[in-house]
Peer 1: 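Below is one structure. I have some questions about it.
In what follows, every heavy atom counts, from backbone to side chain, and hydrogens, waters and symmetry copies are set aside. Naming: A, B, ... by sequence-line order, numbering from 1 per chain.
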Amino acid sequence: MTKMTSLENLASLGNKVSRRGFLKGAGGLTFAVSMGAGGVKFLTPKEAKALAGHTDMSAWVRISPDNTITILTPGAEMGQGSMTSVPLMLAEEMDADWNLVHLEFAPAEPKIYGYTRKRRGRMTTSMAIVGSRAVMMYYKPMRMAGAQVRKVLMQNAAKKWGVPVSQVRTEPNVVIGPGGKRLTYGEIAGFAKVPAILPKVLASELKKPRDFRLIGKSLPRRDLPAKVDGSAKFSIDVMLPGMVYASTVHSPVQGAKPLSWNEAKLKKLKGFIGTVKLKQGVAVIADNFEHVMAARTELEVKWSKAKAAGYNSVEALEKDYPKMSADPKTKAKKIEALGDVDKAFASAAKTYQAEYRCDYGYHAQMEPLNAVARVNGAGTQMEIWEGTQAPGRSRSMIAKALGFKTGQVIHHQMYMGGGFGRRSRTDYTIEAALISQKIKRPVKMIWTREEDINYGMFRPQSFQHLEGALDGSGKLVGWKHSVIGDGRRLLSGGAKIKKYYKVANQLIVEKKAGKHGIRTKHWRAVAHVFNVYAIESLIDEMAAAQGMDPLEFRLKNVSLTGKARRVLSKVAEMSNWKAKRPAGRALGLSMTERSGSLGAEVAEVSVDRKTGKIRVHKVWAAIDGGLIVQPEAARCNVESGVHYGLSSVLKERATIKGGAVEQSNFHDYHVLRMADAPEEIHVEFLDRPTRPTGLGEIGNPGIGAAVANGFHALTGKRLYHMPFTPDRVKAALKS
Amino acid sequence: MVAFTLNGRRVSVRTEPSTPLLWAVREHLKLTGTKYGCGAGLCGACTVHVNGKAVKSCQTQMSDVEGARVITIEGLSNDGSHPLQKAFIAEQVPQCGYCQSGQIMKAAELLAKNPKPSRDQIVAHMNGNICRCGTYNRIVAAIQRASKEG
């Protein structure tokens with residue numbers, strides 16, 4: 001029998017378990033699956049046989065006679081825990097003994113292992129773990145699949161005992177029949193067959209939440225043991241026989257192409273192997289990484305002209321954006337238009353307006369971008385090792401870049417040393433693949449940290465103009481929000497407020513500042529970061545102008561959804577909102593929605609007026625994320641979001657001058673360190689029995705306004721430009 | 001050729017004297033638990049012990065470790081049983097996990113010289129190690145737990 005190597009124990013990931021091997025596995029019970037319109041669908045043995053070897057079929061669950069169960073997990077793991085949480089939902093309905101379950105990453109085949117979603121009017125499948133989707137999107141199909149496996153096991157046991165299936169039930173890993181007869185899942189796997197017609201499972205047959213044994217309990221994450229002893233494998237850790245090393249040097253000015261370089265000089269360097277010209281860079285190749293670094297230092301490239309060369313981000317944000325934002329001729333896309341905004345503002349008793357700015361953000365994932373690629377001798381197949389948030393898309397993009405069919409790319413998913421939206425784009429892996437194809441050798445391609453920033457893809461900078469109108473009784477009746485910046489579909493997320501504030505008259509627009517030639521990208525909650533900061537800052541400003549407590553203003557003067565009222569009340573209770581704070585400290589409040597979840601956050605802040613340094617001492621977060629599948633992992637996600645958000649709020653700032661990113665490493669792109677982290681973060685979930693919603697990013701967007709509003713409560717001053725660097729804080733204090 | 005003791009075993013590596021210990025350990029000796037994060041001594045992901053002191057291996061040249069005792073995360077314990085390793089799991093600290101070897105090695109240095117550190121001492125000691133997933137509070141809790149249970 002093939003011994004399955006469990007993912008969490010893999011010492012050398014060259015993933016030994018091929019799909020076919022998994023299917024063939026001697027003597028066990030294998031459930032082949034395909035993806036249908038309704039999600040995961042198990043195949044009948046006949047269907048499976050007909051499709052054997054075909055790329056559209058694969059196995060999801062295998063039960064071995066020794067009782068071990070292997071489940072393939074589509075939860076790409078970047079620290080959020082979905083590698084564990086997603087298959088756990090299948091194990092729940094299957095009534096598996098979690099201790100006997102081994103996990104493996106599912107192959108990069110979205111048609112089989114993807115979730116189904118509507119995209120531009122069409123149903124599509126995707127394995128992209130982005131936008132906090134993993135648990136949310138896989139919740140239903142994984143549970144249905146698990147229930148189907150359980151039914152097959154029960155049917156087989158009932159048949160063996162000659163009793164109706166209605167007389168058998170399950171306990172973890174055992175089917176129990178009349179008179180206490182018992183068969184373990186492994187024993188059943190020894191004789192059972194997957195029936196020609198698979199049993200149907202109705203939604204009503206799924207477990208009731210009170211019967212959950214795994215969902216809602218905090219089980220240890222499977223990846224952690226390997227992450228405390230150094231054995232967890234990231235793509236940067238992959239070693240192949242005969243492997244060489246490479247690193248790409250991209251133009252300092254984003255978008256420029258290499259014209260020529262000093263190859264002759266490089267040839268004299270020890271260990272130097274060669275260079276490969278890439279679309280926007282030159283890859284240097286050597287026998288080891290220190291020799292690659294030496295070649296990088298010596299490399300001199302002549303670059304083409306690029307559009308970005310004339311771009312200065314500070315100038316754009318300070319001068320151009322405000323001008324374009326105010327210009328009625330600037331093209332505006334409606335994000336939300338409700339009621340009659342003009343009338344609401346014309347008849348308002350009081351109106352308020354403010355402008356907000358936010359700088360570019362860099363992902364700064366701890367593992368610099370890298371990949372390992374190995375072309376076969378015939379040049380007809382490429383094997384890839386990478387950590388990716390979107391294995392399906394990555395695999396097909398790599399194939400396209402190589403002139404291959406998707407099937408010619410063998411893809412190995414690895415742990416990701418952080419993703420945050422950067423690792424859903426596969427540009428760096430394509431580089432590794434092209435290098436290997438060209439030099440016909442296995443290669444480990446690593447971007448240096450400097451390269452990772454220089455050729456980064458950034459959360460766009462933005463300028464926002466917001467207006468609010470209150471009627472005679474102080475109720476919020478009109479709302480205008482305009483956001484401007486450069487970033488394809490990355491500007492308007494989080495600008496809609498109707499999931500928490502029901503304002504009758506609204507106009508929310510996105511304005512394009514034109515293309516700057518700078519690469520932009522999703523960044524943990526992306527536009528929510530700056531939009532929610534602006535929205536919640538203006539709400540706080542209006543509350544203060546009425547002489548009202550910001551919580552009371554939201555509860556009394558803003559029409560709230562039920563969810564919003566609940567999270568606000570909860571966070572007020574958790575933070576003891578009305579209680580007096582220690583001298584020199586004050587509280588700020590903010591709300592946010594993201595990926596179906598709703599959150600309210602309170603931050604306790606202080607400021608050193610001399611240095612301009614803000615400290616956030618405590619954070620309370622009340623989150624409605626529907627049903628919480630793994631409470632401890634969920635708390636970790638929110639804590640992580642708070643930290644990541646706070647880092648951006650207090651420190652992170654990328655600027656571009658003459659098309660080149662001005663920062664180069666952690667000495668000038670500052671991120672949150674332990675001394676800056678809040679001493680306490682308290683997270684509570686409302687835990688309602690609705691389907692789970694996203695939690696990977698909900699902790700992040702609200703923290704900006706919570707800090708700014710706390711700063712106002714403390715100093716009477718407002719912060720209009722994120723991040724709140726010491727210089728900006730000092731300027732605000734003087735204003 | 002540089003010879004030193006790595007996790008209790010004598011090893012020798014054919015590198016230039018200026019090669020960073022980081023690349024020798026990771027790519028030449030294939031102990032990949034030590035991570036490359038910034039290459040400039042700014043993030044701490046590459047932290048190892050040299051003669052009992054936590055150093056940034058990206059800033060340590062091979063010429064500096066001739067004859068030295070080097071311990072990496074793989075050598076902290078044989079079986080993940082170091083009090084810090086147990087505490088990091090008990091507190092469910094790692095998220096992406098990439099910085100964690102460095103965090104644990106840095107923390108191990110602290111507990112070796114100060115078995116009962118205060119919160120402030122922990123923060124001061126650990127401030128050079130970046131974690132982008134924001135596990136800082138849990139790292140503090142894990143160090144406190146290891147200090148108590150160790």
Peer 1: Can you tell which of A:Ala294, A:Gly418, A:Ser218, A:Gly230 has the highest number of heavy-atom pairs within less than 4.5 Å of chain B?
Peer 2: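 Winner by heavy-atom pair count: A:Gly230.
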Peer 1: Heavy-atom pairs under 4.5 Å with chain A are the metric here; pick the option from B:Asp120, B:Thr72, B:Leu42, B:Val93 that has the most.
Peer 2: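 Highest number of pairs under 4.5 Å: B:Leu42.
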Peer 1: So what's closer than 4.5 Å to chain A heavy atoms on B:Asp79: side chain, backbone, both or neither?
Peer 2: neither
Peer 1: Give me the ring orientation class for A:Phe234 and A:Tyr415: parallel if the planes are under 30° apart, tilted from 30 to 60°, perpendicular past 60°.
Peer 2: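 It falls in the tilted class, 30° to 60°.
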Peer 1: If you count heavy-atom pairs within less than 4.5 Å of chain A, which of B:Gly128, B:Cys131, B:Gly33, B:Pro94 leads?
Peer 2: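 Max contact count across the listed options: B:Pro94.
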Peer 1: For A:Tyr644, is the NZ or CZ atom of A:Arg524 found under 6.0 angstrom from the centre of its six-membered ring and inside 45 degrees of the ring axis?
Peer 2: yes
Peer 1: Under 3.5 Å, is there a donor on one side chain and an acceptor on the other for B:Glu74 and B:Asn7?
Peer 2: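 Not at all, the side chains of B:Glu74 and B:Asn7 share no donor-acceptor pair under 3.5 Å.
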Peer 1: By a 4.5 Å heavy-atom criterion (distance strictly below it), what part of A:Phe289 contacts chain B: side chain, backbone, both, or neither?
Peer 2: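 Looking at A:Phe289, just its side chain touches chain B.
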Peer 1: Which of residues 136-150 of chain B have a heavy atom under 4.5 Å from any heavy atom of chain A?
Peer 2: B:Tyr136, B:Asn137, B:Arg138, B:Ile139, B:Val140
Peer 1: Of all of A:Glu77, A:Met239, A:Met416, which one pairs up most often with chain B through heavy atoms under 4.5 Å apart?
Peer 2: A:Met239
Peer 1: Select one option (side chain, backbone, both, neither) describing which atoms of A:Leu646 are under 4.5 Å from chain B's heavy atoms.
Peer 2: neither
Peer 1: Most heavy-atom pairs under 4.5 angstrom with chain B, which of A:Pro368, A:Gly417, A:Ala633, A:Pro220?
Peer 2: A:Pro368
Peer 1: Examine whether an atom of A:Asn288 lies under 4.5 Å from a heavy atom of chain B, and if so say whether it belongs to the side chain, the backbone or both; otherwise answer neither.
Peer 2: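 For A:Asn288, the contact with chain B is made by the side chain alone.
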Peer 1: Tell me, out of A:Lys270, A:Gln365, A:Met243, A:Gln80, who's got the most heavy-atom pairs with chain B below 4.5 Å.
Peer 2: A:Lys270
Peer 1: Between the side chains of A:Arg296 and A:Ser247, is a donor N or O closer than 3.5 angstrom to an acceptor N or O?
Peer 2: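 The answer is yes; a qualifying pair exists.
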Peer 1: Go through the atoms of A:Met366 and report whether side chain, backbone, both or neither lie under 4.5 Å from a heavy atom of chain B.
Peer 2: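 For A:Met366, heavy atoms of backbone and side chain both lie under 4.5 Å from chain B.
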Peer 1: Is it true that the side chains of B:Gln95 and B:Thr135 contain a donor and an acceptor less than 3.5 Å apart?
Peer 2: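 Short answer, no.
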Peer 1: Can you tell whether the side chains of A:Asp237 and B:Arg26 come within less than 4.0 Å, N to carboxylate O?
Peer 2: yes
Peer 1: Any idea how A:Trp523 and A:His363 line up, ring-wise: parallel (<30°), tilted (30 to 60°), or perpendicular (>60°)?
Peer 2: tilted
Peer 1: Ignoring hydrogens and angles, state whether a donor on the side chain of B:Glu16 or A:His291 is under 3.5 Å from an acceptor on the partner side chain.
Peer 2: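 Judged by distance alone, the side chains do pair up.
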Peer 1: With a 4.5 Å limit on heavy-atom distance, are the side chains of A:Asn370 and A:Tyr428 in contact?
Peer 2: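 Not touching, per the 4.5 Å side-chain cut-off.
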Peer 1: Side chain, backbone, both or neither: which part of A:Thr448 has a non-hydrogen atom closer than 4.5 Å to chain B?
Peer 2: both
Peer 1: For chain B, find which of A:Arg673, A:Glu680, A:Glu290 contributes the most heavy-atom pairs closer than 4.5 angstrom.
Peer 2: A:Arg673
Peer 1: Looking only at side chains, do A:Asp229 and A:Ser231 share a donor and an acceptor under 3.5 Å apart?
Peer 2: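 A donor-acceptor contact under 3.5 Å links the two side chains.
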Peer 1: In terms of heavy-atom pairs under 4.5 Å with chain B, which of A:Glu450, A:Met674, A:Met78, A:Lys227 leads?
Peer 2: A:Met674
Peer 1: Given heavy-atom pairs under 4.5 angstrom as the criterion, report whether the side chain, backbone, both or neither of B:Ile104 touches chain A.
Peer 2: side chain
Peer 1: Looking at every heavy atom in both A:Ile236 and A:Lys444, which two are closest together, and how far apart are they?
Peer 2: O-NZ, 2.6 Å
Peer 1: Any luck finding a side-chain donor-acceptor pair between A:Glu652 and A:Tyr669 under 3.5 Å?
Peer 2: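 The answer is yes; a qualifying pair exists.
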Peer 1: Is it true that the side chains of B:Lys35 and B:Ser101 contain a donor and an acceptor less than 3.5 Å apart?
Peer 2: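 No, B:Ser101 and B:Lys35 have no side-chain donor paired with an acceptor closer than 3.5 Å.
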Peer 1: So for B:His28, is it side chain, backbone, both, or neither that comes closer than 4.5 Å to the heavy atoms of chain A?
Peer 2: side chain
Peer 1: Less than 4.0 angstrom from a charged side-chain N to a carboxylate O is my criterion; do B:Arg132 and A:Glu367 meet it?
Peer 2: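 Looking at B:Arg132 and A:Glu367, the cut-off is not met.
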